[in-house]
Amino acid sequence: MAKSEETSSSSSSRPWESYHTVYTNAKAGMDGVDKEKVQRVVYEMSKGSKYFENEERKEAYMKQKIENMRAQRAKLKPADISHYQRVADKRIAELEATRDLTRTWLHVDMDAFYAAVETLSNPSLKGRPMAVGTMSMISTANYEARKFGVRAAMPGFIACKLCPELIFVPTDFKKYTYYSDLTRKVFQEYDPNFMAASLDEAYLDITNVCKERDITVAEVTEELRQNVYKATGLTCSAGVAPNRLLAKVCSDINKPNGQFLLPNDRAAIMTFISSLPIRKIGGIGKVTEHILKDVFEIKTCEDLLQKSSFFCALFSPSSADFFISVGLGLGGTDAPQVRSRKSMSNERTFSATKDETFFHQKLVELSEMLSADMEKEGLHGRTLTLKLKTASFEVKTRALTLQSSLRSSKDILKHASKLLKAELPVSLRLIGLRMSHFNEDKDGTLSDPTQRTLLNYIKPGDDNTNLVDDEHSDVKDHSESHCYTYTNPSRDPLSELNDNNEQVVEDNGLEDHECKDQLNAVKSSEFDAQGIETHSLEGRNQDQLTMIDFSEKETGSSSSHDKEALIWLEDYKCSLCGVELPPSFLEERQEHADFHLAEKMQMEEESAHAYRNLPLKNRMRQKEAVVGQSKGRKKLKQSPSNGKHIPIDAFFSKASHNL
DNA sequence: GGGACCATTAATG
DNA sequence: TTCCACATTAATGGTCCC
Ligand SMILES: Cc1cn([C@H]2C[C@H](O)[C@@H](COP(=O)(O)OP(=O)(O)OP(=O)(O)O)O2)c(=O)[nH]c1=O
Ligand SMILES: [Mg+2]
């Protein structure tokens, strides 16, 4: 489930109140919790800490972002709005046309999974408040503990304050994977192709079972939960709906040991989501919720549809599609795709230090673990990413891509050390390593995913809904993004030719490459330090930015008068540039209008940068969003239409040897 | 203009 | 007594090099 976040913000005699809904989001097992008290305790325990300060930093960043969007919104003229309303309406119609109510999806979610498993192996824990994790962080808590406000992703020492009786149990992934496997055996009987979303969650397409056995959805769901219980002794909750996005929302409704069914009926769906808080949707987290609420007054999914024009105007096309889809209650219904893992990583936290010998020791350990893990899956990677968390909780990543892929702990360590060296001296509290850019070892499984998509975009009403759905599935079902379709643990042994492929290229252009990357890493480390507010940008860069801003501003301000709303003179000629486009060229006209608007906004925006040092990033920027609309169609997403068949569930097996 | 890389943010469990 | 994990994916946007 979504985790809760803390956030600071002061002012007011009761500072904890402005403490953004810390661990108090309405969640299963949280009824009757004294939220105010929880909030206060968490605040008291947090304030003044390094962690807290970092949270404040992040909060400030977010506020900036919101202000940014507010400004953008304010810039929209009535003409713009009506234009984008038309764009939005069209998109709504297109998306609506992809609605598929023929499938029945079920989402299962085990109740307090880790905690429940621990209780199984130690029944004396039953009925007593317990959390799985450590004093510094707990993974989850049972429902008894939740009554005190104790929740997943809450530091243990805070949980202790909330619930002095709290019992801590260390995590034991072996156990969880074991029980997870048991549940999956049950799932398999209802949908052999079910998607495993995590150890404790899965999506099943139960359309066929219902049909074949001629029983109702309710019966199937009831039976499945019963069978899971019989097989494991664990309870779970389920949600059923015509698509995965909604099914997931539904499984949370009667959370502990319950189920909720949403009929495959458009009216029912619309009613269901109309009052649904957007935060309930997978993919909409704390930040997005805030932006939508503070900038557009959007709280429910219904609001989402009302404000659709803003999305088309200010967000990237993929984001706009996602929001509109949610507003329509659409979600993934297509058959699960087989996805292979994209990265493998490990990281460790320790008490902050500057001891470089210690760092090195950590790198050795991490390299060895990572290497071993990769070997288990027969992977070789080309990109190594070093992750650091400073004593002040700032996170940095430094990556390096090599000519040939590697896996040996020696190689990993060698490059990792180099990356780290460039960052010294620093005081760190965490070091991590990640490998990506996998080569799929030997066994034929092709490597490069040169995904093709485009096709999906061209024709909306096209032949199959699956393709179209697939297209949106990226965005839409963000929560399913790490699902793996299940395959029996019957895979073949590993490779033998592995070592070949890396040796060959070995020494060649390596030096060159590495040097370049090295520079790059150092350079950006100064630059990005990401100091929107307090941090000052590197002088040189700052100047450059400013200069650009001014130059843009001049041209911008002079022409911004001219570039008001676009009108089609005599219904075919552009009032701004004179280009001629007959009324029937709807798409082209829209793109043309977008072009002018983008042009205008870009200038305005850039001139705004001259005043404040605004962050230049974030997907919520309209400049690209608008431009993207015309040409960006192909650029956005694309997903998993790449058909590689590399069944793995390895992700989960890996988790097992991770403490 | 597009591709390869890199860094950061957001989100999920 | 100490004072906030770890694994994974995706989107976005910047830089550099054709
Ligand atoms: C949310 C979260 C979960 N987990 C682990 C522990 C959880 O038992 C497991 C499944 O997550 P959840 O399904 O989110 O939580 P849960 O199963 O413990 O409780 P419930 O579903 O009844 O609300 O994932 C983490 O390790 N870190 C996290 O931040
Ligand atoms: Mg669960």
Side-chain angles (χ1 to χ4, degrees), chain A residues 1-3 5-6 42 45-46 48-52 54-55 58 61-62 65 109-110 113-114 133-140 152-161 171 173 176 197-201 248 282-288 291 316 318-319 322 339 341-349 351 373 382-383 385 387 389 393-401 429-430 432 434 436-437 450 474-475 478-484 513 516-517 519-521 523-525 527-530 615-621 623-625 628 631 635-639 651-652 654-655 658-659:
Chain A
M1 334 242 83
K3 46 193 318 180
E5 303 87 4
E6 295 174 45
V42 175
M45 298 293 293
S46 305
S49 67
K50 289 274 172 49
Y51 174 84
F52 186 83
N54 190 250
E55 289 303 298
K58 286 166 30 182
Y61 182 93
M62 203 173 108
K65 199 162 165 179
D109 186 331
M110 303 303 293
F113 189 54
Y114 293 2
T134 69
M135 216 44 163
S136 62
M137 182 54 63
I138 71 189
S139 290
T140 195
M154 176 182 277
F157 64 89
I158 291 183
C160 279
K161 273 286 186 308
T171 54
F173 281 92
Y176 314 143
S198 70
L199 282 181
D200 90 318
E201 286 181 34
K248 178 155 174 64
I284 297 187
K286 180 198 178 189
V287 174
T288 308
I291 291 175
S316 72
S318 57
S319 294
F322 172 66
R339 323 165 90 111
R341 81 150 67 238
K342 308 227 171 357
S343 72
M344 183 179 273
S345 65
N346 59 0
E347 62 187 48
R348 285 296 171 259
T349 293
S351 46
D373 289 345
R382 283 186 58 213
T383 301
T385 304
K387 175 178 174 180
K389 193 186 295 183
F393 287 85
E394 284 170 307
V395 175
K396 297 179 182 178
T397 61
R398 297 292 176 255
L400 160 60
T401 298
R429 68 168 354 255
L430 170 147
R434 168 162 57 257
S436 51
H437 244 73
T450 342
D474 272 350
V475 212
H478 178 266
S479 50
E480 334 169 340
S481 55
H482 24 60
C483 294
Y484 285 79
H513 218 64
K516 183 188 67 186
D517 288 326
L519 283 182
N520 204 320
K523 189 170 53 183
S524 32
S525 78
F527 177 60
D528 51 51
Q530 182 52 307
L616 294 170
K617 30 199 80 194
N618 308 338
R619 77 203 228 207
M620 313 300 195
R621 301 182 26 92
K623 183 165 88 182
E624 290 76 11
K631 65 169 318 92
K635 173 187 186 169
L636 46 150
K637 75 58 172 23
Q638 281 14 296
S639 68
F651 162 44
F652 303 105
K654 194 230 165 185
N658 215 357
L659 298 195

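Considering NZ of A:Lys58 and CZ of A:Phe393, their distance stands at 9.5 Å, rounded to 0.5 Å. Atoms CD1 and CD1, on A:Ile291 and A:Ile284 in that order, are 11.0 Å from each other to the nearest 0.5 Å.
Across the protein-nucleic acid pair, A:Phe322 atom CZ and C:dA10 atom P stand 14 Å apart, rounded to whole Å. Rounding to whole angstrom units, CE of residue A:Met344 and C1' of C:dC6 are separated by 14 Å. If you take CD of A:Glu201 and P of B:dA11, they are 17 Å apart, rounded to a whole angstrom. Computed from coordinates, the A:Ile291 CD1 to B:dA11 P distance equals 8 Å when rounded to whole Å. Between the CZ atom of A:Phe173 and the C1' atom of C:dT8 there is a distance of 12 Å, given to the nearest Å. Between the NZ atom of A:Lys58 and the P atom of B:dT8 there is a distance of 13 Å, given to the nearest Å. Distance A:Tyr176 OH to C:dA7 C1': 15 Å, rounded to the nearest Å. Put simply, CE on A:Met154 is 18 Å from P on C:dC6, counting in whole angstrom units.
Close to C:dC3, at under 4.0 Å from its OP1 or OP2, lies no side-chain N or O of A:Ser136. Taking side-chain N and O atoms only, A:Ser316 has a distance below 4.0 Å to OP1 or OP2 of C:dT12. Checking the phosphate oxygens (OP1, OP2) of C:dA10, a side-chain nitrogen or oxygen of A:Arg339 falls inside 4.0 Å. Between A:Arg382 and B:dA4 there is no side-chain polar atom (N or O) within less than 4.0 angstrom of OP1 or OP2. Between A:Ser319 and C:dT12 there is a side-chain N or O to OP1 or OP2 distance below 4.0 Å. Note on A:Arg341: a side-chain N or O is less than 4.0 Å away from OP1 or OP2 of C:dT8. For the OP1/OP2 pair of B:dC5 and a distance below 4.0 Å, the side-chain nitrogens and oxygens of A:Arg398 include no atom meeting the criterion.
If you find the closest nucleotide of DNA chain C to A:Arg429 and to A:Glu347, the one lying nearer the 5' end belongs to A:Arg429. Of the residues near DNA chain C, A:Met45 and A:Lys387, the one whose nearest nucleotide (by heavy atom distance) lies more toward the 5' end is A:Met45.
Across all strands, A:Leu430 comes closer than 4.0 Å only to sugar-phosphate atoms, never to a base (heavy-atom distances). Within the nucleic acid shown, A:Ser49 has no heavy atom closer than 4.0 Å to any nucleic acid atom. If you check every strand for non-hydrogen atoms under 4.0 Å, A:Lys161 touches nothing.
Which of C:dT8, C:dC6, B:dT12 sits closest to the side chain of A:Thr349 comes down to C:dC6. Closest to the A:Lys286 side chain, of the nucleotides C:dA10, B:dA11, C:dA5, is B:dA11. Checked against C:dT8, B:dA10, C:dA11, the side chain of A:Val287 finds its nearest nucleotide in B:dA10. The A:Thr401 side chain lies nearest to B:dC5 when the options are C:dC4, B:dC5, C:dT8. Nearest to the side-chain atoms of A:Asn346 among the listed nucleotides C:dA7, B:dT8, C:dA10 stands C:dA7. Among the nucleotides C:dA5, B:dA10, B:dC5, the one closest to any side-chain atom of A:His437 is B:dC5. Here the side chain of A:Lys389 is nearest to one of C:dA5, B:dT12, C:dT8, namely C:dA5. The side chain of A:Pro155 has C:dC4 as its nearest neighbour among C:dC4, B:dC6, C:dT9.
Shortest non-hydrogen contact noted between A:Gly48 and A:Phe52 is N-CD2, 3.7 Å.
Classification of the A:Phe173-A:Tyr114 ring pair by plane angle, with boundaries at 30° and 60°, yields perpendicular.
Considering only residues two or more places apart in sequence or on other chains, A:Phe113 meets the ring-ring contact (aromatic ring centres under 6.0 Å, His included) condition with none of them. Residues satisfying the side chain to side chain contact (heavy atoms under 4.5 Å, CB included) criterion with A:Thr383, sequence neighbours excluded, are A:Thr385, A:Ala399, A:Thr401, A:Ser436, A:His437.
One N or O donor and one acceptor, one from the side chain of A:Ser46 and one from the base of C:dC4, sit under 3.5 Å apart.
The same atom, C1', is picked in C:dA5 and in B:dA11; the two are 16 Å apart, to the nearest Å.
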Under the criterion side-chain contact (heavy atoms from CB on, under 4.5 Å), I'd like the reasoning laid out for A:Lys65 against A:Val287: C-alpha separation, chi angles, the key distance, then a yes or no. CA-CA 10 Å; A:Lys65 199 162 165 179; A:Val287 174; 4.3 Å; yes

